[in-house]
Every structure is written in C-alpha cells, then in structure tokens.
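Only one structure is covered here, and it is reproduced in the block below.
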Amino acid sequence: MSQSISPLQIIPVLSTDSIKRDLEWYEKYTGFKFVFGDDGYAGLQRDNLEFHLQFHHNNAGDPVFPSVMKIFVSDIHTYVDEFVKRGTIKKEKLRMNTPWGTHEFGFYDLNKNAIFIVQDV
C-alpha cells in the first residue's frame, strides 16, 4: 500500500548566464522581484508566485538551456494591460479563446525561456 504524500509547492528553475542582468530584466518587464540568492542562484517572487534562476556558463559543458513556464491567472486582461505598459509585449500578443480553452499571451526572456500568462476559460 502506497503512502499518501502532500506536496508543498513546485518551483520552476530557469537557466541563465547572468543572474544580475536577468534580475533587473524580470523586475522591469514582469514585476518579479529578487528575494534571495547570489551570482549563482537566485529566487524571485511576485504575489504568491515564485521561480528561481540558476547560473550556467553557456558553453558545451554547462549550457544555458531554454525552458517553458506557464503562469495561470484568473483575469488575463489585468496582466495584458500591465505587460503592455511595461513594454514586455504588444497588445496583439493576446490570444483569446484558443482551441485548447484559454486566453493567453507569451514572451521570451533574455535566455530564450518562453513564459506564458494563461487564463482558463
């Protein structure tokens, strides 16, 4: 008989070749703020959301590898308006009523990580 576990949370970790540069970028373009870390590893938060950045040398032995992160929200329009004002996206990036049942928009960070803001409909 297997034991039941109760997960606490899941935290995406995105790779980067410059923690300092990316902390500045994420604060300016997404509102995520630095909460802990150093030049090798850092945590960012916004509201009850958190993700981390991990330094990689961006060479054959230690590449920066792009990932995809989806952030689910209850009201996509609030985020679209904010991210347009921040200069992160253009309003045309918003896709309403996708075939898979969402409203969403996406963008890339400086390491080609794809970040999507998604509202289920």
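Contact check for K90 versus V84: no side-chain heavy atoms found under the 4.5 Å cut-off. By the 4.5 Å heavy-atom criterion applied to side chains, H103 and N97 are counted as neighbours.
Atom CG of N59 has more than 12 heavy atoms from other residues, nucleotides or ligands within 6.0 Å. Other residues, nucleotides and ligands contribute over 12 non-hydrogen atoms within 6.0 Å of the NZ atom of K91. Remark: I10 CD1 is loosely packed, at most 12 non-hydrogen atoms of other residues, nucleotides or ligands lying under 6.0 Å away.
Between N113 and F65, the closest heavy-atom pair is OD1-O, 3.9 Å. The two residues A60 and P63 have their closest heavy-atom pair at O-CD, 4.0 Å. K93 and G106 get closest at one heavy-atom pair: CE-O, 3.4 Å.
T16 pairs with exactly one of D22, D109, N58 by the side-chain hydrogen bond (donor to acceptor under 3.5 Å, both in side chains) rule, that one being D22.
Neither V64 nor W25 shares a network with the other; the hydrophobic side chains, linked directly or stepwise wherever heavy atoms of I, L, V, M, F, W or Y lie under 4.5 Å apart, form separate groups for each. A single hydrophobic cluster is seen to contain both V73 and M96, as judged by linkage of ILVMFWY side chains at heavy-atom distances under 4.5 Å, directly or through other members.
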Exercise for review: Test salt bridge (charged side-chain N to carboxylate O under 4.0 Å, His left out) on E82 and R46 and set out the steps.
Suggested key: CA-CA 13 Å; E82 176 191 338; R46 176 187 168 138; 2.5 Å; yes
Review point. Checking salt bridge (charged side-chain N to carboxylate O under 4.0 Å, His left out) for the pair E24/K28: CA distance, chi angles, key distance, verdict?
Key: CA-CA 6 Å; E24 292 170 3; K28 179 177 180 180; over 6 Å; no
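Rounding to the nearest 0.5 Å gives a distance of 6.0 Å between CD1 of I76 and CD of Q119. Here the CE atom belonging to M69 is positioned 4.5 Å from the CD1 atom belonging to I115, to the nearest 0.5 angstrom. Atoms CG and CG, on L14 and L53 in that order, are 6.0 Å from each other to the nearest 0.5 Å. Atom CG of L44 is separated from atom CD1 of I19 by 8.5 Å, given to the nearest 0.5 angstrom.
Chaining together hydrophobic side chains whose heavy atoms lie under 4.5 Å apart places V68 alongside F72, F116, V118. If you chain together ILVMFWY residues whose side-chain heavy atoms come under 4.5 Å of each other, Y41 ends up grouped with V13, V35, F36. In this structure, Y108 stands alone, with no Ile, Leu, Val, Met, Phe, Trp or Tyr side-chain heavy atom under 4.5 Å from its own, directly or through other members.
F83 pairs by the ring-ring contact (aromatic ring centres under 6.0 Å, His included) definition with F105, F107, not counting sequence neighbours. Residues forming a ring-ring contact (aromatic ring centres under 6.0 Å, His included) with Y26 (at least two apart in sequence, or on another chain): F51. Remark: T102 engages T98, W100, E104 in a side chain to side chain donor-acceptor pair (under 3.5 Å) (not counting sequence neighbours).
The closest side-chain donor-acceptor pair between H52 and Q54, if any, does not fall under 3.5 angstrom.
A donor-acceptor pair under 3.5 Å is formed between the side chain of D38 and the backbone N or O of G40.
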